[in-house]
Amino acid sequence: MKLTVLGTSAAYAEAGRACSGYLISDGKTKILLDLGSGVLSNLQRHMNISDLNAIFISHTHPDHFLDIYGMRYLLEYDLKPERPLSVFGPKGLKETIISLQPESKAVFENLFEFNEISEENKIKIKDFEISTSKAKHPLPTLMYSVRSEGKNIFYTADTGAFKGLQEIVKGSDLLLCEATYLKSASPSDVHLRTNDIAEFAQAAGISKVVLTHFWPGTDRLRSKFEVEQSFDGEVTIANENDVLNV
Ligand SMILES: [Zn+2]
Ligand SMILES: [Zn+2]
């Protein structure tokens with residue numbers, strides 16, 4: 001599988017960057033995890049949007065889905081696809097998206113096939129098997145595990161540390177992990193600090209962690225250094241348009 005990083009900023013896009021978005025491809029199947037602001041622009045550098053098989057939204061915080069509105073216009077006026085594009089996400093996703101443009105409800109329903117899924121679900125998209133788990137975040141948030149060709153990428157979405165997280169991520173070949181805060185931040189129920197990441201990734205025996213979802217302005221090298229202090233695996237900093245092989 002190939003993981004293409006499309007956006008790595010938490011909350012708002014840092015200068016020259018984008019909010020959350022990741023393209024996962026095995027050559028034949030292409031899915032998008034999250035569609036934050038700036039992601040649609042970067043996505044077009046890497047693929048024809050008509051080849052996209054499905055979009056998976058982790059939750060309805062704006063930094064994870066706002067470019068769905070740009071996607072609407074791209075599909076409606078330029079691509080004009082014959083079939084709706086599948087969009088998966090937590091309960092309430094469709095209502096939240098349409099609430100900004102209620103006059104276009106029918107347009108959204110024609111362009112997108114919304115699938116609201118529970119926190120313990122398995123979905124098959126061609127060769128990909130995607131399973132969900134519940135993150136610790138203030139609103140319904142899904143973590144996604146994507147499996148293909150015997151390999152698996154685990155995306156934490158936004159989450160605070162919780163008991164059981166290490167069991168959930170165990171066995172992942174690549175852990176795409178939110179790294180909102182440095183160790184010096186106060187403990188958070190909503191996001192991870194570098195020391196939280198090191199602790200559960202080490203306990204889970206993960207060999208490869210890719211850090212993303214940095215608060216704008218965060219010294220990313222410092223984040224990497226802090227995770228490496230108590231984690232024996234490989235630590236990579238995600239940057240926009242990086243392509244990683246799994
Ligand atoms: Zn976020
Ligand atoms: Zn969030």
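All ligand and atom numbering here is 1-based and tracks the order in the structure. Heavy atoms only: backbone and side chains are in, while hydrogens, waters and symmetry mates are out.
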Worksheet item: Got Ile97 and Phe114 here, is their nearest side-chain heavy-atom distance under 4.5 Å?
Response: yes
Taking distance alone, no hydrogens or angles, what donor-acceptor pairs closer than 3.5 Å link side-chain atoms of residues 78-92 to residues at least two apart or in another chain?
| residue | atom | partner | partner atom | Å |
| --- | --- | --- | --- | --- |
| Lys80 | NZ | Tyr77 | O | 3.3 |
| Ser86 | OG | Glu113 | OE1 | 3.1 |

Worksheet, complete the sentence: The salt bridge (Lys or Arg N to Asp or Glu O under 4.0 Å) partners of Lys151 (sequence neighbours excluded) come to none
Fill in: Val227 with Phe200, same ILVMFWY side-chain cluster at under 4.5 Å
yes
Worksheet item: Which residue pairs pass the salt bridge (Lys or Arg N to Asp or Glu O under 4.0 Å) test when at least one of the two sits in residues 55-72, sequence neighbours left out?
Response: Arg72-Glu76
Worksheet entry | Cut-off under 2.8 Å, centre the Zn ion (ligand 1), protein N/O/S atoms | Asp63 OD2, His64 NE2, Asp158 OD2, His213 NE2
Discussion item. Is there a side-chain contact between Leu66 and Met71 in this structure, where contact means two heavy atoms from C-beta onward sitting under 4.5 Å apart?
Written reply: no
